[in-house]
Q: 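Below is one structure. I have some questions about it.
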Amino acid sequence: MIFLYIQVILDPPSNITLTYRSDDLEIKWEKPEIQSEPDSCFMYNININNKEEVNISEKNIYITPKYHQNERIYVTIRVKWNEDCSKYQEWSAWSKPYIIGDNMKGDDSTQLTPHHILIVIGVGTAIILIVIVLVCYRFRIWKKLFPQVPKPSMKLFEQVEENQKAAQKMSAAEIPLMTKDEEEFTCSNVTEIPETM
């Protein structure tokens with residue numbers, strides 16, 4: 001038995017392949033590139049769709065019947081030393097995700113995120129509002145929806161001016177105005193003159 005005292009974090013497994021064998025999903029990978037280490041020195045942790053984690057040791061293959069061929073499945077794998085080969089028990093980093101199913105490209109660019117949905121809703125709302133405004137303007141609906149407040153006619157202003165002039169004339173007629181040529185006389189004593197016959 002080989003026992004390593006060195007503390008080495010392993011690289012994640014490489015060349016991961018996902019294939020269907022009849023109704024079973026088969027996952028294969030290559031062990032880390034460490035010289036002369038047997039397969040039994042490694043323990044693998046397989047993550048499937050962030051729902052299922054499986055620990056496997058001593059082999060580089062995992063077969064599961066839980067997934068259907070039409071499902072979109074992505075798999076990541078990490079590795080660490082087996083307790084029999086090293087006391088250093090740190091997991092490696094996760095491998096890049098490998099995908100099988102609806103989207104074979106391996107990218108999530110076709111999935112809508114909440115950010116994408118908000119952008120689509122915002123742009124769609126702006127376009128709808130612009131179309132509504134243009135249609136209202138084109139068919140003169142805008143004036144029916146928001147009629148212009150009418151201005152008072154000029155006849156009304158002329159009538160008000162005439163009423164003001166008439167009121168001024170009436171008030172001027174009630175109060176006699178004195179001219180410069182007229183003098184003001186005040187009577188203080190009044191005596192009666194007898195009538196002669």
Side-chain angles (χ1 to χ4, degrees), residues 12 16-20 23 25 27 45-54 64 66-78 91-197:
I16 299 172
T17 58
L18 308 174
T19 53
Y20 281 103
D23 288 336
L25 174 64
I27 304 169
N45 182 240
I46 303 171
N47 183 327
I48 304 172
N49 287 349
N50 283 335
K51 295 178 182 174
E52 176 185 359
E53 281 198 22
V54 180
T64 178
K66 294 182 182 178
Y67 300 98
H68 191 269
Q69 290 184 7
N70 294 335
E71 286 184 76
R72 183 171 190 261
I73 298 167
Y74 62 93
V75 175
T76 56
I77 303 175
R78 61 184 178 173
W91 286 106
S92 70
W94 287 103
S95 67
K96 70 175 189 172
Y98 288 84
I99 300 173
I100 190 170
D102 291 342
N103 186 358
M104 297 294 286
K105 295 177 188 174
D107 63 338
D108 293 331
S109 60
T110 57
Q111 288 186 340
L112 289 178
T113 63
H115 187 266
H116 291 122
I117 293 171
L118 286 175
I119 289 174
V120 168
I121 289 173
V123 170
T125 303
I127 289 172
I128 289 171
L129 287 175
I130 289 170
V131 167
I132 289 172
V133 168
L134 290 176
V135 167
C136 288
Y137 182 76
R138 169 68 178 98
F139 295 107
R140 312 260 190 256
I141 297 172
W142 197 258
K143 289 182 179 179
K144 292 178 183 175
L145 290 175
F146 302 102
Q148 190 176 21
V149 177
K151 294 179 182 177
S153 68
M154 292 305 292
K155 288 183 179 179
L156 181 63
F157 285 118
E158 290 171 1
Q159 192 175 20
V160 169
E161 286 179 16
E162 287 175 8
N163 287 344
Q164 287 177 349
K165 287 179 183 177
Q168 287 176 354
K169 284 181 183 178
M170 288 179 72
S171 63
E174 292 174 1
I175 304 171
L177 297 175
M178 294 175 47
T179 61
K180 292 181 182 178
D181 297 338
E182 294 179 358
E183 293 180 11
E184 186 176 338
F185 294 103
T186 313
C187 292
S188 56
N189 291 332
V190 177
T191 53
E192 263 186 59
I193 302 174
E195 280 184 29
T196 54
M197 283 205 187

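These numbers come from the heavy atoms of this one structure, side chains and all, not from hydrogens, waters or symmetry mates.
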Q: Can you list everything that forms a side-chain contact (heavy atoms from CB on, under 4.5 Å) with Val149? Sequence neighbours excluded, please.
A: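 Listed in chain order: nothing, the list is empty.
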Q: Holding to side chain to side chain donor-acceptor pair (under 3.5 Å), I want the full list of residues that pass it with Tyr74, two or more places apart in sequence or in another chain.
A: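 Applying side chain to side chain donor-acceptor pair (under 3.5 Å) to Tyr74 gives Asn50.
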Q: Over all heavy atoms of both residues, which pair between Arg72 and Ile99 is shortest? Give the atoms and the distance, please.
A: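 Of all heavy-atom pairs spanning Arg72 and Ile99, the closest is NH2-CD1, 3.8 Å.
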Q: Mind listing the closest non-hydrogen atom pair of Pro12 and Ala93 along with its distance?
A: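 In terms of heavy atoms, the two residues are closest at CB-O, 3.2 Å.
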Q: Scan Ile27, Thr76, Thr64 and name whichever one has a side-chain contact (heavy atoms from CB on, under 4.5 Å) with Ile46.
A: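 The passing option is Ile27.
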Q: Not counting sequence neighbours, which residues clear side-chain contact (heavy atoms from CB on, under 4.5 Å) with Ile132? List them please.
A: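 Testing Ile132 for side-chain contact (heavy atoms from CB on, under 4.5 Å), a comparison that skips the adjacent residues, returns Ile128, Cys136.
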Q: How close do Ile77 and Val75 get, heavy atom to heavy atom, and via which atoms?
A: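 That closest heavy-atom pairing would be CG1-CG1, 4.1 Å.
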Q: To the nearest 0.5 Å, what is the distance between CG on Leu18 and OH on Tyr98?
A: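 Between atom CG of Leu18 and atom OH of Tyr98 there are 9.0 Å.
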Q: State which residues pass side-chain contact (heavy atoms from CB on, under 4.5 Å) with Tyr20; sequence neighbours excluded, sorted by chain then number.
A: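 Partners of Tyr20 under the side-chain contact (heavy atoms from CB on, under 4.5 Å) test: Leu25, Tyr67, Gln69, Ile73, Ile100.
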Q: How many angstroms lie between CG in Asn47 and CD in Glu52, if you round to the nearest 0.5 Å?
A: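 One finds 9.0 Å between CG of Asn47 and CD of Glu52.
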Q: Does Val135 have any side-chain contact (heavy atoms from CB on, under 4.5 Å) partners at least two apart in sequence or in another chain, and if so, which?
A: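 With sequence neighbours excluded, Val135 shows a side-chain contact (heavy atoms from CB on, under 4.5 Å) to Val131, Phe139, given in chain and number order.
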Q: Could you work out, with side chain to side chain donor-acceptor pair (under 3.5 Å) as the rule, every residue matching Asn45, not counting sequence neighbours?
A: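 Counting only residues at least two positions away or on another chain, Asn45 forms a side chain to side chain donor-acceptor pair (under 3.5 Å) with Glu53, Asn55, Arg78.
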